[in-house]
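First the proteins, then the strands, lettered A, B, ... as listed; each starts at 1.
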Amino acid sequence: MPELPEVETVRRILSKEITGKQITGVTFRDFPGVVGDMDPEVFRAMVVGRTLEAPLRRGKYLSIPLDDDLTLVIHLRMTGRMLVLPANTEPVRFEHLALHLDGDIDLRYADQRKFGRLLCLEHEAAVAALAKLGPEPLERAFTSRYLISKSSRRTAPIKNFLLDQRVVAGLGNIYVDEALFQARIHPLTPAGELSTEEAARLVRAIRRILRSATERQGTTFSSFENPYGEGGANADFLRVYGRANRGLPCTRCGTSLEWFKLGGRGTSVCPNCQQLPISGTG
DNA sequence: TGTTATGTTGCCAT
DNA sequence: TATGGCAACATAAC
């Protein structure tokens with residue numbers, strides 16, 4: 001669920017609520033593995049007494065520096081949630097970790113499917129962990145020129161290519177389908193066959209979609225909620241995701257949307273607005 | 001009651 | 001290196 005707009009929504013709220021607070025204690029619940037291979041007691045000893053600095057986001061990763069040489073690196077994967085709650089609030093469903101902070105508030109981590117992780121790393125290791133990521137799609141380095149050069153000679157479908165976090169950081173299944181629809185590019189188009197015009201449309205579409213979704217505090221399709229437990233408002237604005245599998249009409253041309261699987265991911269398209277290029281090799 | 005789907009990523013085989 | 005399949009897990013919907 002959480003893609004760039006959702007993680008950014010979490011970051012903004014955490015920035016307001018936890019920056020400058022000291023960790024006074026840690027409670028592990030049913031899944032201590034949430035901190036990775038690290039022994040929970042080691043984790044506790046490392047973080048208690050430290051002060052949380054302003055949280056940062058890189059792609060779908062959240063990182064929270066701790067004074068002065070450690071960083072919490074967090075990935076929510078499919079169903080991870082960060083919650084800010086008053087101290088002594090009952091554990092929420094699927095809660096795995098609570099960081100108790102001064103000022104009587106808790107930062108809780110809950111995760112139904114247990115795919116997400118909250119790692120405590122030396123600062124340098126944290127930087128290294130994020131170094132593999134491609135450019136931020138909302139920053140200047142993400143241009144159609146970059147996309148064209150990176151996709152050159154790549155035969156993988158453009159959708160798979162864009163989901164590769166080493167290409168661009170932060171797109172997931174929802175926003176990739178939305179961006180390809182808005183750019184009128186079929187998800188199966190070989191990445192290396194993008195024209196310069198298509199690449200330019202795609203970059204503009206990705207930026208527009210991520211910006212507006214972030215303004216709406218993310219997409220709550222089934223389960224995303226921000227650290228206050230509130231959903232985002234973007235679901236009502238999706239053009240293909242969640243509509244194609246119900247056979248609803250395209251909002252642009254009225255053709256019935258189509259749904260198929262691509263690399264194990266549900267994929268939503270308008271077969272009229274998004275057409276495959278005629279292949280040069282037959 | 002079984003089957004299939006779910007927003008992510010890393011590992012493994014080819 | 002590029003690509004594709006699948007596992008990690010819990011639940012909901014059909």
Determine the contact category for [X]: base if any of its heavy atoms lies under 4.0 Å from a base atom, sugar-phosphate if only primed atoms, P, OP1 or OP2 are that close, otherwise nothing.
| X | answer |
| --- | --- |
| A/T155 | sugar-phosphate |
| A/N245 | nothing |
| A/E3 | sugar-phosphate |
| A/G266 | sugar-phosphate |

Rounding to the closest angstrom, what is the interatomic distance between B/dC11 and C/dC9 at atom P?
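Between the two P atoms, the distance is 16 Å.
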Covered region of DNA chain C, 5' end to 3' end, by chain A [heavy atoms, under 4.0 Å]
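Span of nucleotides near chain A: C/dT3 to C/dT11.
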Which pairs pass side chain to side chain donor-acceptor pair (under 3.5 Å) with one or both residues in residues 265-274 of chain A, sequence neighbours excluded?
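The answer is A/K159-A/T267.
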Could you state the atom-to-atom distance from CG of A/N173 to P of B/dA5 in whole Å?
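It is 13 Å, rounded to the nearest whole Å.
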Would you kindly give the CZ-to-C1' distance between A/R117 and B/dT8, to the nearest whole Å?
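Those two atoms, CZ and C1', are 12 Å apart.
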Would you confirm whether A/Q22, through its side chain, and A/D102, through its main-chain N or O, come within 3.5 Å as a donor-acceptor pair?
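No: the side chain of A/Q22 does not pair with the backbone of A/D102.
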Test of understanding: with ring pair (Phe, Tyr, Trp, His ring centres under 6.0 Å), list the residues that count as partners of A/F142, not counting sequence neighbours.
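Not a single residue meets the ring pair (Phe, Tyr, Trp, His ring centres under 6.0 Å) criterion with A/F142.
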A/F161: which residues meet the ring pair (Phe, Tyr, Trp, His ring centres under 6.0 Å) condition with it, sequence neighbours left out?
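Ring pair (Phe, Tyr, Trp, His ring centres under 6.0 Å) list for A/F161, sorted by chain: empty.
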For DNA chain C, please output the secondary structure as dot-bracket, reading 5' to 3'. Pairs are Watson-Crick or G-U wobble, both atom distances under 3.5 Å; mark crossing pairs with [ ], other-strand partners with |, unpaired with a dot.
.|||||||.|||||
Test salt bridge (Lys or Arg N to Asp or Glu O under 4.0 Å) applied to [X] - qualifying residues, sequence neighbours left out:
| X | result |
| --- | --- |
| A/D69 | A/R50 |
| A/R44 | A/E41 |
| A/E198 | none |

Please report, to 0.1 Å, the donor-acceptor pairs under 3.5 Å made by any side chain of residues 117-133 of chain A, with sequence neighbours excluded.
residue, atom, partner, partner atom, Å
A/R117, NE, A/G33, O, 3.4
A/R117, NH1, A/K114, O, 3.0
A/H123, ND1, A/T71, OG1, 3.3

Go through the structure and list residues passing side-chain contact (heavy atoms from CB on, under 4.5 Å) with A/E258, not counting sequence neighbours.
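Once residues adjacent in sequence are excluded, the partners of A/E258 under the side-chain contact (heavy atoms from CB on, under 4.5 Å) criterion are A/V269, A/P271.
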By side-chain contact (heavy atoms from CB on, under 4.5 Å) - contacts of A/P2 (at least two apart):
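Result, side-chain contact (heavy atoms from CB on, under 4.5 Å) vs A/P2: A/E6, A/V7, A/L76.
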Would you give a per-nucleotide map of nucleotides 9-14 of chain B, 5' to 3', where B means the base has a protein non-hydrogen atom under 4.0 Å away, S means only the sugar-phosphate does, and - means neither?
BS----
State, to 0.1 Å, how close A/R29 and A/L97 come at their nearest heavy-atom pair, and which atoms those are.
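Looks like CG-N, 4.4 Å.
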When you match A/M78 and A/R93 each to their closest nucleotide on DNA chain C, which lands nearer the 5' end?
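Its nucleotide being nearer the 5' end, the pick is A/M78.
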